[in-house]
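Here the structure comes first, spelled out in structure tokens, and everything after it is commentary.
Only a predicted model underlies this, so the values are computations on that prediction, with no experimental measurement involved. Proteins come first, then strands; the chains are lettered A, B, ... in the order of their sequence lines, and each starts at number 1.
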Amino acid sequence: MAKNRSTGSLNKAQEGAVLATDGPILIAAGAGSGKTRVLVHRIAHLIELGVHPDAILAITFTNKAAEEMRSRVTKLIAKNMNRDISSMHRDSRLMPWVGTFHSFAAYILRESGVSLGIPKSFSIIDEEDSLALIKESLRELELDPKQFEPRRIRGVISRKKNELETIERFRIKALEYFPKVVTQVWEHYDEKLKKSKALDFDDLLSYSVKLLADFPDTLDKYQERWKYIHIDEYQDTNLVQYHLTLLLAKKYRNICAVGDIDQAIYSWRGADFRNILHFERDWPDAKLITLEENYRSTQLILNAANAIIVKNKFRVPKNLYSRLESGSKIALFEAAEENEEALFIAELIGRLHKDGIKFTDMAVLYRTNFQSRVIEEKLLELNIPYQVIGTKFYERREIKDALAYLKIALNHDDLISKKRILNMPPRGIGKVLAVRIIAGDELSPKDQKKTDEFNSLIEKIKNSASKTKASGVIKYLIKETGLEDYLNDGTEDGAMRLANIEELVSLGSRHDSKEPPEGISTMLEEVALMSAEDTMKKEENSVKLMTVHAAKGLEFKAVFVAGLEEGLFPHHSILGEEMEMRDEEERRLFYVALTRAKEKVFLSYAIFRTIFGERKINRPSTFLFDIPEDLLEKAPEKIITLE
DNA sequence: TGATCCAGTTTTTTT
DNA sequence: AACTGGATCA
């Protein structure tokens, strides 16, 4: 550990990955094998070799990972070159472009999307808005939402967009009734997006591929700009992302992909880990490097993790090992029901804290978000500080409302946002009137007056946005729209929502240095593409609660994995397609959970659990039987007696 | 128009 | 058990 974490030294494999700067390279990086470190060193090394930072691109899975990479690269370069960090930050051209696929796509579409008829000021809609548009489309097509579930339709369209399918091609193949309905809805939906000058998450990716594929000059421009390309979490790329990568890299062929098939957990989102397997086919001269030494966990934890993952058929054999001493066994706790499980976890966290482990060094992981509730309750009871990585900041209603005002200010045609705030706060524009306004119908004088007032309000905000710094615009908007008065209703809930909007102001202030409309537009973009964790304000000294998916890439001294019951984890979804694949993905997910832990793992399950108000009896997860018994320490004594 | 009530649904994971 | 959307009423 000391060797790897300390200043300079890399192990042989890592060093090889850092030094192989030219040509295609695939790094198979096991969990905790220091891949971020390798990427950071590689980028720093490139810069030292004289590559201009601006010619380096790095795609990460989350904005948080991007942020970390940027700051670590900056520090390393500053150290190596004896430079002042602050002067580097000031000039963004001295930094590589680091971000997620989605933010990258948004970036190039804003810059060059006009060729595709995408205006610079396009809005980005989230999943919720997208679903609302689908519902609206169904309604307008007079299709029964009971018969054609909006979520399912949206799912198909999203999947298709990520497969680079077009409506035209899909229509030809759609012979049965359901696909025909999907085609209709899809067409309607895209039409609505176009009217609003809005793109959904999937459009960002598919349009950027279209842009690069159809416009050679544009492609060339970007190929010339980014000559060194890095893609992290390559196992979780889907077809569009794969094509985007290929297009960008094919000219200079300096592509570095990093990934681990054993940690592929996003197939339900269209990710295909075979992209990794195809790497050698796509780049026959690719250099292959495997990082197998783990610097994170004890060997005992790795033994358990390895025992889990060897059961998968779809993988390239790899054996993670650690030089960290064996450490304590994995604790397994059987609870009668979920309250007892939660109490066990909370109590144990308290005990570990007394033993000197910081709250920040502990995390509770689970398969589904709803499981956090009980655990939160018990942590609250025992006065243990915690933070749930769950609902995203921008998904909160009040935040979306405030953002909608900003979005309209920058994109007048954004009907989706307009609909949202026409009557928010309430100003006498009900459903009927709202529909008429959106449709552009003739209005009664009274209604016209209301509409004019709304429009002039938007005009005022637009005005403010064009000359006030970002935080100032938000402050102005809260007051001027009446949102503040509306939320300030004396209730606790209202106070909380108001506090959230205040938070938005401080988020905006991070962009205050930019020229007026730009601060707001960058903020909107950032906010739209932020993950749950990105938006959490860092609270030191608190236990983190999150899904295993959200925990990807993170590490903690002590990790609790709750709800290890057959059906919950592994999750049994009704979607029976490709059972075996789903099964293996659940297994990988558990593997990811285990490998988050540095020192100690606590596994637990509840015999009875209430889901949807229904009490169900469960068997322990099959995963538990796959861990060799000598690594387990069963049922610690009950810590507290239940009431 | 907007508040209130009831029935039906929800939970897999997320950029 | 909690949240949504639709129906009903003031």
Electrostatic pair A:Asp626:A:Arg587 at N-O distance under 4.0 angstrom: yes
Touch class at under 4.0 angstrom, heavy-atom based, for A:Val548 against every strand present: nothing
Nucleotide nearest A:His102 (side chain, heavy atoms from C-beta), chosen from B:dT13, B:dT15, C:dA2: B:dT15
Under 4.0 angstrom between A:Lys135 side-chain N/O and C:dG5 OP1 or OP2: yes
Phosphate OP1/OP2 of B:dT15: any A:Ser103 side-chain N/O under 4.0 Å: no
B:dT11 pyrimidine/purine six-ring stacking with A:Phe370, under 5.5 Å and 30°: yes
Sugar-phosphate, base or nothing in reach of A:Tyr266, heavy atoms under 4.0 Å: sugar-phosphate
Sugar-phosphate, base or nothing in reach of A:Glu127, heavy atoms under 4.0 Å: base
Sugar-phosphate only, base, or nothing, as touched by A:Arg151 at under 4.0 Å among non-hydrogen atoms: sugar-phosphate
Residue A:Phe612, side-chain heavy atoms: nucleotide from B:dT14, B:dT15, B:dT10 that is nearest: B:dT10
Polar pair under 3.5 Å, donor/acceptor by atom type, side chain A:Arg582, base B:dT13: no
Sugar-phosphate only, base, or nothing, as touched by A:Asp202 at under 4.0 Å among non-hydrogen atoms: nothing
Sugar-phosphate only, base, or nothing, as touched by A:Leu433 at under 4.0 Å among non-hydrogen atoms: sugar-phosphate
Exceeds 12 heavy-atom contacts within 6.0 angstrom, atom NZ of A:Lys160: yes
Nucleotide of C:dA2, B:dT12, C:dG5 approaching A:Glu586 most closely (side-chain heavy atoms): B:dT12
